[in-house]
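Structure first, commentary second.
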Amino acid sequence: MNTDPIIIKPIRPENWLPDRCLNGSDPFDPSSHLPASGCPGLNFSIKNSRETLEQLYRSVINQYGGCGFIAWENDKIIAYHNFFPSETARKIKFYGYGLDSAPPGKTLIHNCLTIVKGNYVRKGICSRLVKTSIDWAVANDWKRFEVHRVLPDCEKGWQSDQKSCLTFWERFGFRVFKEYEADQATKEYYGVTKSYSIYLSLDDN
C-alpha cells in the first residue's frame with residue numbers, strides 16, 4: 001500500500017497552471033490565491049495576461065498531450081516541472097530556450113523546475129518530477145530533451161528555482177552540447193564563469 005502523501009499529477013488547466021515560482025516555505029494552496037499571468041520571462045507576442053497564459057497551456061496540452069507535472073500534497077502544491085515543445089519554446093523565447101537547439105521536431109525544452117523551500121528540499125521531489133517528465137516524453141515518442149543556461153555546481157545555483165546546476169541534470173543522463181561564457185550578471189550573482197546547454201537523447205531511455 002502506497003503511503004506517500006506526495007502525488008505527481010500532469011499539469012491540467014482545471015487543477016492549476018504554473019503561473020509563479022514557488023518561493024515560500026509552505027505548500028502552495030491554489031484555491032486561496034488569485035490566478036497570476038506567469039513568469040515575466042514568458043515573452044508573448046501579445047499582452048502577458050492570464051488569458052494568454054491559459055491559451056498557451058491549453059494549446060500545448062491539446063496538441064501534444066502534456067506540458068509537465070505537479071507534485072501535490074493534501075491538495076496543495078509542493079513543486080512542479082514544466083516544458084514546451086521546441087516550436088513553442090522558440091515562439092515565447094522563454095528562459096534559455098536555446099537558439100542553438102537541435103532543429104525543431106520531437107524536442108522538448110525545459111521551462112521551469114521549482115519547489116517550495118522549508119522541509120521539502122533535498123527530499124528527491126524535484127528528481128521525481130524530472131524522471132516522470134522523461135518517462136512521459138519517452139512514452140509519447142519524443143526524441144530529445146534540452147535544458148539551457150545550466151550552471152556549474154554552485155550554492156546559489158542549487159538554491160535557484162531553475163535547479164540550474166549541471167550535476168543535478170547529469171544524474172538523469174543529460175550531457176553538455178554547448179558551453180558559453182556566462183553573462184556579467186550571472187558571473188556576479190552566482191560566482192561562475194560559464195554556463196551550458198545540455199541534452200538527453202530519449203532514444204537511449
Side-chain angles (χ1 to χ4, degrees), residues 2 4-12 15-23 27-28 39 41 57 60-61 64-73 76-86 88-89 94-98 101-102 106-178 195-205:
N2 184 11
D4 188 348
I6 297 175
I7 300 172
I8 307 297
K9 297 180 182 179
I11 292 170
R12 289 290 181 263
N15 301 129
W16 183 75
L17 293 176
D19 61 11
R20 68 198 76 201
C21 287
L22 304 176
N23 293 318
F28 175 80
C39 174
Y57 278 106
V60 171
I61 292 170
Y64 299 100
C67 60
F69 293 87
I70 299 173
W72 296 83
E73 183 182 55
K76 295 181 180 179
I77 296 167
I78 306 301
Y80 69 81
H81 180 223
N82 63 329
F83 47 78
F84 292 119
S86 56
T88 304
F94 185 73
Y95 173 92
Y97 68 104
S101 300
K106 307 306 288 183
T107 296
L108 294 174
I109 307 292
H110 161 80
N111 184 343
C112 189
L113 177 62
T114 179
I115 185 170
V116 297
K117 308 308 186 282
N119 296 323
Y120 292 94
V121 296
R122 303 188 186 280
K123 297 292 180 64
I125 298 169
C126 287
S127 294
R128 284 176 61 186
L129 283 167
V130 171
K131 182 65 168 59
T132 302
S133 294
I134 292 171
D135 290 346
W136 178 90
V138 171
N140 286 274
D141 200 33
W142 292 90
K143 302 301 181 185
R144 182 178 171 101
F145 212 129
E146 295 183 358
V147 188
H148 298 276
R149 296 186 182 179
V150 178
L151 302 174
D153 288 5
C154 59
E155 188 56 36
K156 285 185 177 179
W158 282 110
Q159 295 171 2
S160 79
D161 283 309
Q162 296 299 329
K163 208 69 174 182
S164 294
C165 288
L166 182 61
T167 297
F168 175 82
W169 296 100
E170 286 179 331
R171 296 172 186 170
F172 306 98
F174 283 85
R175 295 292 179 265
V176 174
F177 70 89
K178 186 152 186 177
S195 63
Y196 311 99
S197 286
I198 62 175
Y199 80 101
L200 177 67
S201 175
L202 300 174
D203 286 332
D204 299 333
N205 286 265

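Every heavy atom of this structure was used, including side-chain atoms; hydrogens, water molecules and symmetry mates were not. As the structure is a prediction and not an experimental result, all values here were calculated from the model.
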In Å and rounded to the nearest 0.5 Å, what is the [atom1] to [atom2] distance from [X] to [Y]?
{"X": "Ile115", "Y": "Leu22", "atom1": "CD1", "atom2": "CG", "answer": "8.5 Å"}
{"X": "Phe145", "Y": "Ser86", "atom1": "CZ", "atom2": "OG", "answer": "11.5 Å"}
{"X": "Leu151", "Y": "Thr167", "atom1": "CG", "atom2": "OG1", "answer": "11.5 Å"}
{"X": "Phe69", "Y": "Arg12", "atom1": "CZ", "atom2": "CZ", "answer": "8.0 Å"}
{"X": "His148", "Y": "Ile109", "atom1": "NE2", "atom2": "CD1", "answer": "4.0 Å"}
{"X": "Glu146", "Y": "Leu108", "atom1": "CD", "atom2": "CG", "answer": "9.5 Å"}

Are the side chains of [Y] and [X] in contact, using a 4.5 Å heavy-atom criterion?
{"X": "Thr107", "Y": "Lys143", "answer": "no"}
{"X": "Trp16", "Y": "Phe28", "answer": "yes"}
{"X": "Trp72", "Y": "Pro27", "answer": "no"}
{"X": "Lys117", "Y": "Asn119", "answer": "no"}
{"X": "Arg128", "Y": "Ile6", "answer": "yes"}
{"X": "Phe168", "Y": "Cys126", "answer": "yes"}

Can you name the closest pair of heavy atoms from [X] and [Y] and give their distance?
{"X": "Ile125", "Y": "Tyr120", "result": "CD1-O, 3.6 Å"}
{"X": "Phe174", "Y": "Ile134", "result": "CE1-CD1, 4.1 Å"}
{"X": "Ile61", "Y": "Cys67", "result": "CG1-SG, 3.8 Å"}
{"X": "Ala137", "Y": "Leu202", "result": "CB-CD1, 3.6 Å"}
{"X": "Thr88", "Y": "Tyr64", "result": "OG1-CE1, 4.4 Å"}
{"X": "Ala71", "Y": "Leu129", "result": "N-CD2, 3.9 Å"}

With sequence neighbours left out, write down each residue that passes salt bridge (charged side-chain N to carboxylate O under 4.0 Å, His left out) with Asp153, or none if nothing qualifies. none
Between Tyr199 and Phe177, what is the ring plane arrangement, given parallel below 30°, perpendicular above 60°, and tilted in between? perpendicular
Distance-only criterion, 3.5 Å: show the donor-acceptor pairs between side-chain atoms of residues 76-85 and protein atoms not counting sequence neighbours.
residue, atom, partner, partner atom, Å
Tyr80, OH, Arg20, O, 2.8
His81, ND1, Ser133, OG, 2.9
His81, NE2, His110, ND1, 3.1
Asn82, OD1, Cys112, N, 3.2
Asn82, ND2, Tyr57, OH, 2.8

